[in-house]
Amino acid sequence: MKLQIFDADYTMLNDKPVVRVFCKDESGKTFCVFCKDYMPYFYALGDQEKIRQQLKKFEGEIRKIETVKRFLPVGYQKEKTEVLKITTKNPSKVPDLRDSLDCRTFEADILFKYRFFADKNIGGMGWIEVEDKFVNTTTVSCKGLETKKIKSIVSDKNAPLKTMALDIETETPTDRLPETGKDAITMLSLAFSKSYMGQKDMVIVSKHVRLREDQKKNTICVESEKKMLEKFKDIIDQYDPDVITGYNIENFDFPFIVGRMEKLGIKRDLGRAKDKSVFCSKYGPRSTTRITGRVVADSYQIIKRDFSFKSYKLDAVAEKLLGKKKIDISYRDFNKIWNGKAEELQKFIDYSRRDSVLALDLIEKKNLMDKYVALSKVSGILFQDALNGGETIRIENVLLKEFNKKDVLFPLKPSDREIMERAKKRKKSELKGGLVLQPKAGLHTDGYILVLDFKSLYPSIIRTYNICPTTLLSDDIKVKCNLSPIKTRFVDSEIRPGILPFVLERLIKERSVVKKRMHQEKDRDEKRLLYAKQWALKILANAFYGYTGYLRAKTYVVEVANTITAFGRELLQKTREEITNMGYEVIYGDTDSVFVKVKTKDLENAYRKGNQIVSKIKLPGKLVLEFEKTFRSFLILTKKRYAAWSFEKTNDEWTEKIEMKGIETVRRDWPDIVTETMNVVINIILKEGDVKKAIRYVQGEVDKLNAGEVDLKKLAVTKSITKSVDRYEGMLPHIELAKKLRKRSPSQAPVAGSRISFVIIRGNQMLSKRAEDPEYISENKLKIDSCYYIDNQLLPPLERIFSVIGVDKGELLGKGRQCNLKDLLKPAKRNHKIETPPEKIIIESPEGFLCRECKRNFRRIPLVGRCDCGGELFAFGNGNMGKLIKIC
DNA sequence: TACTTTCGGGG
DNA sequence: GTGTACGAAAGTA
């Protein structure tokens, strides 16, 4: 029968390991394949007699010791080396054996299931064929079958998966977060991708509540928390989900549920293996939950990885992605509601239900699993590990298989001591990165900017020059090789193809096949899966370079990482020269891209030139320079910080957009006014090329601020309070506000863990003391501190932009923040209408301005129209002085 | 300007 | 489970 691998582990049966591979068939039924007769092993290199001697005291653990020949992993090896292959009985004892030996060992830190996968040439979410020899089993909840032979099958299909979302509500004290030891779970809500007992969702309530009519069918009331958790277990058993999701379940719901189950004496076997409990592990801030046979997919974790948002609260995320919101109840009221009237409780039940429905919808409607299923397939790791793990586990799994196929030993992960040594060495002879060309800063609108990119630069370099730990030559060997710009040498691929180049070639070729299929595919779902697959192949291929220079990598060799970037720098440099020699101006470039200016105002013409340039450049091996897009206008501040109006041609149609790199416009703790103003300014500059208009816009915003016409919401900054307000040492605006609120109304003061919004108001206290609650401000008609918003929030990021387009930087950044913006706006002479009561005096060309409060002198009017101290300005000239009313 | 420390999400 | 592991932004030297 044909099965898709979903999860795997092993268990000991009669002192022998049995690998359990949890699978799905095409219809979605679950099976567990038991694989006996597979034993753990590792390798040891050194004095063989001595090693055998040392292993004597572990005799009971060892099945077999044999001498075999393998290639060592680092440096080109002409011949294989003799090593001992030590086959043992119990995977969990391997670390002890490994550590007791004082010689080098290999492959003694590979998870048993992954060792099994590598040897059987199978992997996570891959398909296999096994004989359907069913066996009786009590250890797993699904049908078991035993097999001696596992055949790997190539298939892009995916078995249908059942997903269940969960969310808990707990007793919530007002002054701290709930804790498993003290607070009970009050409600537990579930949502199902495929309905359960005819329902799409279900809430279990830990006490009897009078339900609304419409709630009766999908709400279960029981008399205690214990009964509720038992009911929850029953539902898991019956519904038997493959994937369990929820919002922040790994950090909150699961540890909490497990904690309560433990406290109430409920067995925690929620998985498909009845002999294993839910496993929640915590290290510092991060915790993970593992349930054998199922997959825990936290929608919060996934969204945090895959999307860039200002806030990742469920309410905000659901609003953005689904257009749906949470039901509005404050956690402060939870306890009151829980102990309150039926009507309120009914709403609370809705609230709970909505949360798990949202968590499920995020996963299902946004197809958030696609990428991770694809990553699992292309790298061979388990689906669960694709969701939790990073690049390292993927790369190592792929490499282990390839190393083994080629009879090359795979190194152990480095010890802490080794990592420290690597770090020390690294500091001395630094790992150099890509080349970034010095940009011609400023606004470029005279012609088009062509953006030329090297197609997967580092993977291509690795393939072109056969770069791999296994092909690195030491100085003494003389063979045909590739010499790098930093004088490292790698053996020629004819003599020994490297493993890295070999794997990359496979990945890149497969990707181009998948991409072609994707473009031809008409079915939306199929197309989506192909997209995910080619994406995963790209991500995997691009991670190899990073891995070679990663301190904790098993195959870390600095020379390898350094060679790759050295070739990259040389390539970029040479390309720049060639393009310059062709008569074009290269205005910027970063690692794998060059930005070329062409003096044409015609888009199609620019497009032709781009293709022309690219076709003329000669490159070695697998390297390809691509012309991808062109900028109609380009504003570059510094290296890695620019904004551009970009045009890209796809299927004969141009798509345009504003592209921004390194310019902070979506930072969490900037008020919206800054983000909005920045975006508008950049748009005006790029799309209209009208710097003066942009300045007028800024002026307008400044005026609005001064006039108090800006919506408080746009000025508010939200920060969180993490500990008790009194334990903060420094002066922080939001903490000072929290203290103020506590004084005003101790009952609803913000507590540790809550978030608080504030706006800075006018006054003469220090900044932190002037943070105020937006609601309080509007109720009491307080004045906001416009100077603060202008000088400290709005202007700094704007100054960075304006300073590169003609406004003198030194002056702008100077302490007087004399207003160069204003100069640009009105270059020649300027009339200031000055009014001096009682008579009106117009001072034609004022010599300067004086602050009425602090008597400070200004040569020009600050942009804000006021002194730093907030005082009013008077203009003087021709011996007269008058009040400044307006700048024309 | 570079480095160290903090905080997210959940109730 | 032959496991040990985040990342961005704020604050500070």
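Naming convention: chains lettered A, B, ... in sequence-line order (proteins, then strands); numbering from 1 in each chain.
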Enquirer: Go through the structure and list residues passing side-chain contact (heavy atoms from CB on, under 4.5 Å) with A/K36, not counting sequence neighbours.
Expert: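 side-chain contact (heavy atoms from CB on, under 4.5 Å) check on A/K36 returns A/L13, A/V18, A/E146.
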
Enquirer: Just to verify, what does A/E179 make a side-chain contact (heavy atoms from CB on, under 4.5 Å) with, not counting sequence neighbours?
Expert: A/R176, A/K182, A/D183

Enquirer: Tell me what A/D355 touches on the nucleic acid: a base, only sugar-phosphate, or nothing, going by heavy atoms under 4.0 Å.
Expert: sugar-phosphate

Enquirer: Which of these nucleotides, B/dG11, C/dG1, C/dT2, is closest to any side-chain atom of A/P178?
Expert: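 Of all the options, the side chain of A/P178 is nearest to B/dG11.
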
Enquirer: Give A/L314 one of three labels, base, sugar-phosphate or nothing, depending on what nucleic acid heavy atoms sit under 4.0 Å from its own.
Expert: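 Counting heavy atoms under 4.0 Å across all strands, the contact made by A/L314 is with sugar-phosphate only.
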
Enquirer: Remember a base hit wins even if backbone is also touched, and classify A/R305 as base, sugar-phosphate or nothing at under 4.0 Å, heavy atoms.
Expert: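 Since no nucleic acid heavy atom lies under 4.0 Å of A/R305, the category is nothing.
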
Enquirer: Under the salt bridge (charged side-chain N to carboxylate O under 4.0 Å, His left out) rule, what pairs show up with a residue in residues 246-255 of chain A, not counting sequence neighbours?
Expert: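 Passing the test, one end in residues 246-255 of chain A: no pairs.
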
Enquirer: Under 4.0 angstrom, heavy atoms only, what part of the nucleic acid is A/K304 near: base, sugar-phosphate, or nothing?
Expert: base

Enquirer: Which residue pairs pass the salt bridge (charged side-chain N to carboxylate O under 4.0 Å, His left out) test when at least one of the two sits in residues 288-297 of chain A, sequence neighbours left out?
Expert: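 For residues 288-297 of chain A: A/D240-A/R294, A/R290-A/D385.
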
Enquirer: Kindly point out which of B/dG9, C/dT2, B/dG11 is positioned nearest to the side chain of A/P91?
Expert: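 Nearest to the side-chain atoms of A/P91, counting from C-beta on, is C/dT2.
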
Enquirer: A/I539: which residues meet the side-chain contact (heavy atoms from CB on, under 4.5 Å) condition with it, sequence neighbours left out?
Expert: A/L375, A/R394, A/W535

Enquirer: Counting any heavy atom closer than 4.0 Å, what does A/R98 reach on the DNA or RNA strands: base, sugar-phosphate only, or nothing?
Expert: sugar-phosphate

Enquirer: Within the 4.5 Å heavy-atom criterion, are A/F307 and A/L368 side-chain neighbours or not?
Expert: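 When only atoms from C-beta onward are counted, A/L368 and A/F307 do touch, with a gap below 4.5 Å.
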
Enquirer: Just compare B/dG11, B/dG9, C/dT2 and give me whichever is closest to any side-chain atom of A/Y351.
Expert: B/dG11

Enquirer: If the P atom of C/dC6 is compared with that of B/dG10, how far apart are they to the nearest Å?
Expert: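 My reading of the P atoms in C/dC6 and B/dG10 gives 22 Å.
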
Enquirer: If only side-chain N and O atoms of A/K310 are considered, is one of them under 4.0 Å from the OP1 or OP2 phosphate oxygen of C/dA8?
Expert: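 No, A/K310 has no side-chain N/O under 4.0 Å of OP1/OP2 on C/dA8.
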
Enquirer: Taking 5.5 Å and 30° as the limits, would you call A/Y331 and the base of B/dG11 a stacked pair?
Expert: yes

Enquirer: Taking only residues at least two apart or on different chains, which pairs with a member in residues 286-306 of chain A satisfy ring pair (Phe, Tyr, Trp, His ring centres under 6.0 Å)?
Expert: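 Pairs touching residues 286-306 of chain A that pass the test: A/Y247-A/Y300.
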
Enquirer: Within the structure shown, what part of the strands sits under 4.0 Å from A/D167 by heavy-atom distance: base, sugar-phosphate, or nothing?
Expert: sugar-phosphate

Enquirer: Reckon A/K326 touches a base, only the sugar-phosphate, or nothing at all at heavy-atom distances under 4.0 Å?
Expert: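 The answer is sugar-phosphate, as A/K326 gets under 4.0 Å only of primed atoms, P, OP1 or OP2.
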
Enquirer: Kindly state which residues belonging to residues 413-420 of chain A come within less than 4.0 angstrom of DNA chain C, counting heavy atoms of the residue only, listed by number.
Expert: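 Here the set is A/K413.
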
Enquirer: Within residues 105-114 of chain A, which residues have any heavy atom lying less than 4.0 Å from an atom of DNA chain C?
Expert: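 Listed by number, they are A/E107, A/A108, A/D109, A/I110, A/L111, A/F112, A/K113.
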
Enquirer: Return all side-chain donor-acceptor pairs below 3.5 angstrom for residues 409-417 of chain A, not counting sequence neighbours, or 'none' if the list is empty.
Expert:
unit_1 : atom_1 : unit_2 : atom_2 : d
A/S415 : OG     : A/E418 : N      : 3.2

Enquirer: Test the A/K304-A/Y312 pair against the cation-pi criterion, namely NZ or CZ under 6.0 angstrom from the six-membered ring centroid and within 45° of the ring axis.
Expert: no

Enquirer: Can you find a pair of side-chain heavy atoms, one from A/M187 and one from A/Y351, that are under 4.5 Å apart?
Expert: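 A/M187 does not reach A/Y351 side chain to side chain.
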
Enquirer: Base, sugar-phosphate alone, or nothing: which one does A/Y41 contact when heavy atoms must sit under 4.0 Å apart?
Expert: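 Result for A/Y41 = base.
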
Enquirer: Ignoring the backbone of A/N248, work out which of B/dG11, B/dG9, C/dG3 is nearest its side chain.
Expert: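 Selected nucleotide (nearest to the side chain): B/dG9.
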
Enquirer: Report which part of the nucleic acid A/F279 touches: base, sugar-phosphate, or nothing (heavy-atom distance under 4.0 Å, all strands).
Expert: base

